[in-house]
Each structure stands twice: as structure tokens, then as C-alpha cells.
Amino acid sequence: ATSISRGLRFHLDLVRSPSTQKKKIVGFFFVAFMFALLYFYVLHSAWVISEVYSSPVIIHSTRQPNGTRVFYDDYRETFSWMKQNTPEDSKIFAWWDYGYQITALANRTVITDNNTWNSTQISLVGQAFVLDEDRAIKLLRKFDVDYVFVVFGGVCGMPS
């Protein structure tokens with residue numbers, strides 16, 4: 001019993017020694033600092049996401065090599081054209097990114113939009129855009145679409 005109490009006293013003295021206390025304090029501040037870094041990283045990430053995704057735009061701008069600013073109003077003009085020149089019951093085949101915009105601004109039905117949970121349907125839409133024409137037209141007929149919306153801004157440098 002005495003050897004156990006001696007061992008316990010030694011252990012308690014070791015735990016209470018100034019060097020161990022310093023290690024505990026340093027460890028505590030290190031963990032607190034790391035937690036603060038993580039906390040502020042999450043706050044910053046949430047702020048960046050809110051800035052980027054809170055202001056969706058359909059009018060894009062870019063700068064020419066000489067510094068002049070150029071605006072592209074193609075999306076708004078396209079949705080306006082759809083609304084004015086297509087029958088109200090038209091079905092538009094577009095990549096899902098543009099689904100809500102077409103629905104809201106052109107008031108037309110789309111095959112996929114930003115809330116499409118059917119991954120098979122999204123996959124088929126993606127395939128139709130990359131397949132050769134003969135196979136793509138079969139998919140388009142399967143979806144019974146009237147119009148296909150394709151975005152390409154590579155030549156003029158417009159973001160797509």
C-alpha cells in the first residue's frame with residue numbers, strides 16, 4: 001500500500017509541477033487558437049459564398065485587351081425572344097443551370113432545372129449535348145422538346 005501511495009504522490013507531484021502546468025496552458029491556447037482559426041475560416045467562407053451567389057446576373061461584362069468594358073446582354077435578350085416568339089406550351093431543352101431562368105424570364109417549360117433530383121434525366125440531357133447528331137436527336141425526341149438552348153461564348157470571351 002505504501003508503494004502505491006508513493007507512486008500516486010509522485011504522479012500528482014509530476015502533474016502539478018510548473019513545467020507540466022505550462023504545457024497544459026500552451027496546449028489549451030494552441031487548441032483555442034486552432035478552433036478560432038477554424039471558426040473564422042467558416043465565417044469567411046460563408047461570407048464569400050453569400051457574396052458570390054446572392055447576386056446572380058444575366059448581363060455579363062468583360063474587359064477587352066485595351067481595357068474597355070464590354071457588356072453581354074445575350075441571356076436577357078434570348079429569354080425575351082423565347083417569351084415573345086415561342087408558343088406558351090413549348091418545351092425547352094437546356095442544361096440545368098439555365099432552367100430557372102428560362103422558367104422565370106421566358107415562362108416556358110424546361111426539361112431540367114436547378115431542382116432536378118433525377119440524376120438519370122440530367123445525365124441524358126448531358127449526353128444529348130455531347131453525342132453525335134443522330135443519337136442526340138433520338139434523346140430529344142424522347143423528351144418531346146420543341147427548342148434546344150445552347151450557350152457558347154468562347155469566340156467573344158463571354159463567360160458561359
Side-chain angles (χ1 to χ4, degrees), residues 1-80 82 91-131 136 139 142-143 145 148-160:
T2 56
S3 66
I4 293 174
S5 67
R6 277 189 216 151
L8 187 58
R9 258 189 254 145
F10 175 77
H11 179 70
L12 287 174
D13 289 341
L14 183 65
V15 169
R16 291 183 187 148
S17 72
S19 63
T20 305
Q21 290 293 357
K22 287 179 186 176
K23 287 180 185 178
K24 284 184 178 181
I25 291 170
V26 169
F28 171 78
F29 281 111
F30 178 77
V31 170
F33 178 74
M34 295 305 289
F35 180 77
L37 279 178
L38 177 63
Y39 176 75
F40 286 114
Y41 175 76
V42 169
L43 282 180
H44 175 72
S45 298
W47 175 78
V48 168
I49 289 170
S50 70
E51 287 296 314
V52 170
Y53 293 115
S54 292
S55 311
V57 295
I58 59 171
I59 300 174
H60 296 279
S61 68
T62 188
R63 292 201 182 273
Q64 297 293 336
N66 65 4
T68 59
R69 193 168 201 148
V70 178
F71 292 93
Y72 296 102
D73 195 16
D74 297 354
Y75 290 120
R76 191 190 58 77
E77 289 177 4
T78 300
F79 302 141
S80 177
M82 284 181 189
K91 291 182 195 168
I92 311 290
F93 190 85
W95 187 236
W96 64 268
D97 291 12
Y98 307 102
Y100 279 152
Q101 295 172 352
I102 294 169
T103 302
L105 300 172
N107 198 23
R108 296 298 178 262
T109 302
V110 292
I111 303 304
T112 57
D113 60 23
N114 307 52
N115 196 33
T116 302
W117 287 71
N118 184 342
S119 58
T120 303
Q121 184 167 336
I122 293 174
S123 171
L124 291 172
V125 169
Q127 288 176 38
F129 281 117
V130 298
L131 290 173
L139 282 174
K142 178 181 177 182
F143 285 113
V145 297
V148 177
F149 178 70
V150 178
V151 177
F152 177 75
V155 173
C156 62
M158 184 181 81
S160 56

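What you see below is based on every heavy atom in this structure, not just the backbone, and it leaves out hydrogens, waters and symmetry mates.
In this structure, M34 and V31 have side chains that are not in contact, with every pair of non-hydrogen atoms separated by 4.5 Å or more. F129 places a side-chain heavy atom less than 4.5 Å from the side chain of V148. Between F33 and L37 the shortest side-chain heavy-atom distance falls below 4.5 Å.
Between atom CD1 of residue I111 and atom CG of residue L139 there is a gap of 11.5 Å, rounded to the nearest 0.5 Å. Atom CD1 of I122 sits about 7.0 Å away from atom CH2 of W96, to the nearest 0.5 Å. A distance of 10.0 Å separates CZ of F40 from CZ of F35, quoted to the nearest 0.5 Å. If you take CZ on F149 and CZ on R108, they are separated by 14.0 Å, rounding to the nearest 0.5 Å. Rounding to the nearest 0.5 Å places CD of Q101 at 10.5 Å from OG1 of T78. Taken from CG in L124 to CG in L131, the straight-line distance is 9.5 Å, to the nearest 0.5 Å.
Side-chain atoms of T68 do not come within 3.5 Å of backbone N or O of Q64 as any donor-acceptor pair. Using a distance-only test at 3.5 Å, with no hydrogens or angles considered, a donor-acceptor pair links the side chain of T112 to the main chain of A94. Side chain of S45 to main chain of Y41: a donor-acceptor pair is present (N/O by atom type, distance under 3.5 Å, no hydrogens or angles).
The side-chain contact (heavy atoms from CB on, under 4.5 Å) test with F79 singles out one residue from R76, E77, M82, and that residue is M82.
Residues F93 and A128 come closest through the heavy atom pair CZ-CB, 3.5 Å.
Ring centers of Y75 and Y98: under 6.0 Å apart, within the cut-off.
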Check the pair V110 / Y100 against side-chain contact (heavy atoms from CB on, under 4.5 Å), numbers first and verdict last.
-> CA-CA 8 Å; V110 292; Y100 279 152; over 6 Å; no

